[in-house]
Protein chains: 4
Amino acid sequence: MSRSTSAAGTDPGPGTPQDPGAAARRTGRPRSAAADRAILGATRAALVELGWSRLTLGDVAARAGVAKTTLYRRWPGKNELVVDALAELFDELELPADGGSLDADIAGVVLQFAALLERPEVRTALMAVVVEATHDDELRTRIRRAIVDRQKRLVLQGRARARRRGELAPDEDPAEAARQADLIFDVVAGTVVHRTLVSCEDVDPAWARSLAALVAAGLGAGPADRT
Amino acid sequence: MSRSTSAAGTDPGPGTPQDPGAAARRTGRPRSAAADRAILGATRAALVELGWSRLTLGDVAARAGVAKTTLYRRWPGKNELVVDALAELFDELELPADGGSLDADIAGVVLQFAALLERPEVRTALMAVVVEATHDDELRTRIRRAIVDRQKRLVLQGRARARRRGELAPDEDPAEAARQADLIFDVVAGTVVHRTLVSCEDVDPAWARSLAALVAAGLGAGPADRT
Amino acid sequence: MSRSTSAAGTDPGPGTPQDPGAAARRTGRPRSAAADRAILGATRAALVELGWSRLTLGDVAARAGVAKTTLYRRWPGKNELVVDALAELFDELELPADGGSLDADIAGVVLQFAALLERPEVRTALMAVVVEATHDDELRTRIRRAIVDRQKRLVLQGRARARRRGELAPDEDPAEAARQADLIFDVVAGTVVHRTLVSCEDVDPAWARSLAALVAAGLGAGPADRT
Amino acid sequence: MSRSTSAAGTDPGPGTPQDPGAAARRTGRPRSAAADRAILGATRAALVELGWSRLTLGDVAARAGVAKTTLYRRWPGKNELVVDALAELFDELELPADGGSLDADIAGVVLQFAALLERPEVRTALMAVVVEATHDDELRTRIRRAIVDRQKRLVLQGRARARRRGELAPDEDPAEAARQADLIFDVVAGTVVHRTLVSCEDVDPAWARSLAALVAAGLGAGPADRT
DNA sequence: CATTAATCGAGACGGTACGTCTAGTCTTCAG
DNA sequence: CTGAAGACTAGACGTACCGTCTCGATTAATG
């Protein structure tokens, strides 16, 4: 498990774990790590049962066996809490084993991302916090750091793998390459989200292959042996 | 203005204006059409200022100079009201003038859709109601009818135009064709939404052309027989 | 029942009952008189069971079968609510039937006042609101109007009766008379309160006669026939 | 300073200073006497600023520069803390110098007690703890020992002095004498409290003389044999 | 002098009540 | 019957204190 950002909450100040050697929080009773775990777990469970809009922090606290204050000490509100609760799931995203071709790799990423989006807690909450971030800059950067960047990494790794295989030409203009990677990311993630949330249809392997083919073709990736 | 669906709200039964000949509501004071307009306008204004989650119906009623009762007589709740307020904007979507090629047509649709999504009230509210619809079937149909189908029409019209131009082969398998149209729709709409809401970057013509090129290439639309 | 001040609450504005003929509250649903009664009754019941410091407005609302908002619409807080709840009891104070002598009349007043103070809701709450009024001018005037003046009236009536009987000389200096009435009032009320709350002993007729004798002697009241 | 009772607080068991010879607390760091003083002082200061109901122990601790733990180690709660904070002030009560007559002595006591009650911390807190004691027997005894008995002593001393002067007949029936002393105590203390808290008027020497005259007359203290 | 054990500051913890806000309904009067 | 006004029930909100607890760091008196 690689995340180290979240759960530091409202007032991480000096002394959060990723601040080693610093004059960490010396004094007072330390925060309970068990409470952190219980709260994030309870949040996901409540999302599954109630959905985003019926989720209340009082209920989360009760499920976690924790006082409301304990919750508010760590997160400023529902939005931030849910972002961190989701982030723990996105931690597990990894580039699937090499599928042998760009098509196959993309399809693998699509399926993995879709599997995440089909979890009811993600389905109900992911876009909800994105919507909230519309009017909240801090929340937006929190989402970017905790969730978006984690996904984007897969796109970059996949591109690198395809270049190694010779399916994609080496980057000539780095800015252009970044632009293209961003586009791919928006296409893959956006399409999966739209399919799942707006069109309300499941992502099956056939659909994933269609999308992957479309993207790969759009990238002008010839078959690997074309070199 | 072409819509005729909405604004019938809670109690559409007999008596909606477009229900001629029926034993329409005979008696009592008729509902004020001015109130309808004021409410939908106030809803959009409030969305711009407050965003989705801070929007309250009491506030909308106050802005519209209308009693809460009047509002609840027409719409069952915040979700439905906002869908109708957005729908008025989506009414204006039309397939842009023929750009001469599939690429150009797609880019035109992308830009038009992006222009809508960059309006703050749409940005904040569109996905919000979609999220709410996750647990609400009626709302989902309402959104589909008032918003989604209106967009999808553009995709179908664009495909038809491309086939007339000879860029796309005529449909062989109608089911396959529908599946492809759905994919295109998810790709275009999903990517634009993701770019706008998650990546938080504006859609400029260059980006629109990139996306259009990717989609067109993915469709296997060569410059076609035009070569 | 003579009171007409209370229960108008926070925002009596124009239109409270005692503002007849004025452009009274014309519009909107009128406040429920039943709720008023239920709340004040529930307040007294809760005081009896819980005492002042454990009394919570949420509990009062629940007992009254009323929402908390209904309660806060009428009273700004616990202090004011309790003052009005007590005031209804003090409404019933009246000068006892003529006892034939100043002594007897004073003893009657003492007993009547003591009977009120021995009710558990009064015992626990009366001085509590007085204490709160230490830092709250508005509360102080509310107490004065709703409770204190109602008691003081008895002193004035008793003095008048004694003068009619010839036990007390007619007032020569009105200012001096007022000062004396105030002193009597502080002595009678203060002593009974102190006996009841601080010394924690019941007021029996014998004690009442002792106090009455002391006060009457201090007033220099000869027996009535002394004229 | 004569008090030696308080400050033993929660855990007086073995080890309070006045528990000599016992197997007193032998080991460990002794409690800071400075903290005791700081806490009681901070309590009075906070009472002056905030009044009884807004006084919080967290605030007292902060003012005293002390942790909440330190405070709770010594006193079980707000009530007991405030009683001890007030008690330090009542320690200073003494029977004023002989005024030459019962009247004058009573007036002196009245003025002295009134001076105490006009201190804002006493005004707001004295009756507050009495009210709390309504439902708390332990607190009632604590108040009686720390405050009430200290005042009552003055009444007894004053009566003794008056008897020595010949203004009062020697006690015939001790029970009757006790009853009379209690009455006097309730009259003097109760009246002063009522004047100060309920009527909200200052006690000036003229008023004190009026009250003293009334009480002395009621006691049947003629100028006695002095005539 | 080292040990020992209670104290200290700091602050997290589970609770409870607060007073406010919003949702959606109901009740009154005016047109 | 509509519409404005506003009271109504219900319940979540985020905050404030309570009194307890867990830390690491001081201190005296004891050994």
Side-chain angles (χ1 to χ4, degrees), chain A residues 11 25-32 34-35 53-59 61-62 64-74 76-78, chain B residues 11 15 25-32 34-35 53-59 61-62 64-78, chain C residues 11 25-32 34-35 54-59 61-62 65-74 76-78, chain D residues 10-11 15 24-32 34-35 54-62 64-78:
Chain A
D11 177 17
R25 157 151 283 96
R26 234 181 328 283
T27 171
R29 177 175 173 176
R31 290 194 182 162
S32 156
S53 60
R54 276 186 294 254
L55 177 77
T56 69
L57 294 202
D59 185 69
V66 140
K68 265 198 301 176
T69 37
T70 299
L71 211 153
Y72 280 106
R73 226 188 305 277
R74 291 162 160 76
K78 180 168 157 173
Chain B
D11 176 19
R25 185 170 50 256
R26 261 178 316 280
T27 169
R29 175 173 169 179
R31 285 190 184 164
S32 153
S53 61
R54 278 187 292 261
L55 176 78
T56 71
L57 294 201
D59 187 67
V66 141
K68 269 200 301 172
T69 329
T70 304
L71 210 153
Y72 279 105
R73 239 191 291 273
R74 290 163 161 80
W75 290 276
K78 178 168 159 173
Chain C
D11 177 19
R25 157 150 283 98
R26 229 183 331 284
T27 174
R29 177 175 172 175
R31 290 196 182 159
S32 156
R54 276 186 294 256
L55 177 77
T56 71
L57 294 203
D59 185 71
V66 141
K68 265 198 300 175
T69 36
T70 299
L71 210 154
Y72 280 106
R73 205 173 286 121
R74 291 162 160 78
K78 181 167 155 172
Chain D
T10 312
D11 176 21
R25 185 171 49 256
R26 255 179 319 279
T27 172
R29 176 175 173 176
R31 288 191 184 162
S32 155
R54 278 187 294 261
L55 177 77
T56 71
L57 293 202
D59 186 69
V60 169
V66 141
K68 268 199 301 174
T69 330
T70 303
L71 211 153
Y72 279 105
R73 236 190 296 272
R74 291 162 160 79
W75 290 275
K78 179 168 158 173

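In the text below, chain A, chain B and the rest are named by the order of the sequence lines, each starting its count at 1. Only this structure's heavy atoms are used, side chains among them; waters, hydrogens and symmetry mates stay out.
For C:Ala61, the side-chain contact (heavy atoms from CB on, under 4.5 Å) test picks out C:Lys68, C:Leu71, with sequence neighbours left out. The side-chain contact (heavy atoms from CB on, under 4.5 Å) test applied to B:Ala67 returns B:Thr69, B:Thr70, not counting sequence neighbours. Under the side-chain contact (heavy atoms from CB on, under 4.5 Å) criterion, B:Thr56 pairs with B:Asp59, sequence neighbours left out. Under the side-chain hydrogen bond (donor to acceptor under 3.5 Å, both in side chains) criterion, B:Ser53 pairs with A:Glu132, sequence neighbours left out.
Nucleotide E:dG19 holds its P atom 10 Å from the CG atom of C:Leu71, rounded to whole Å. The distance between atom CG of A:Leu55 and atom C1' of F:dG14, rounded to the nearest whole Å, is 15 Å. Across the protein-nucleic acid pair, A:Arg74 atom CZ and E:dA12 atom P stand 9 Å apart, rounded to whole Å. As rounded to whole Å, 6 Å separates atom P of E:dG19 from atom CG of C:Leu57.
D:Arg31 and D:Arg74 make their closest contact through CB-NH2, 3.5 Å (heavy atoms, listed as atom of the first residue, atom of the second, distance). Between B:Leu57 and B:Gly77, the shortest heavy-atom contact is CD1-C, 4.2 Å.
Looking at heavy-atom distances under 4.0 Å, C:Thr70 makes contact with a base. Within 4.0 Å (heavy atoms only), B:Gly65 reaches sugar-phosphate atoms of the nucleic acid but no base atom.
Considering only the side chain of A:Arg73, E:dA12 comes nearest among E:dA12, E:dT20, F:dG19.
Along DNA chain E, the nucleotide nearest C:Lys78 and the nucleotide nearest D:Ala64 are compared for position; the residue whose nucleotide lies closer to the 5' end is D:Ala64. Mapped onto DNA chain E by nearest heavy atom, C:Arg54 and A:Val66 fall at different nucleotides, with A:Val66 at the one closer to the 5' end. Mapping A:Gly58 and C:Ala67 onto DNA chain F by nearest heavy atom places C:Ala67 closer to the 5' end of the strand.
Under 3.5 Å, the side chain of D:Lys68 and the base of F:dG19 form at least one donor-acceptor pair of N or O atoms.
C:Arg31 has no side-chain polar atom (N or O) that falls below the 4.0 Å cut-off from OP1 or OP2 of F:dA5.
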Quick one: which protein N/O atoms are closer than 3.5 Å to N/O atoms of nucleotides 26-29 of chain E? Pair and distance per line, please.
{"residue": "E:dC26", "atom": "O2", "partner": "C:Arg29", "partner atom": "NH1", "Å": "3.1"}
{"residue": "E:dT27", "atom": "O4'", "partner": "C:Arg29", "partner atom": "NE", "Å": "3.4"}

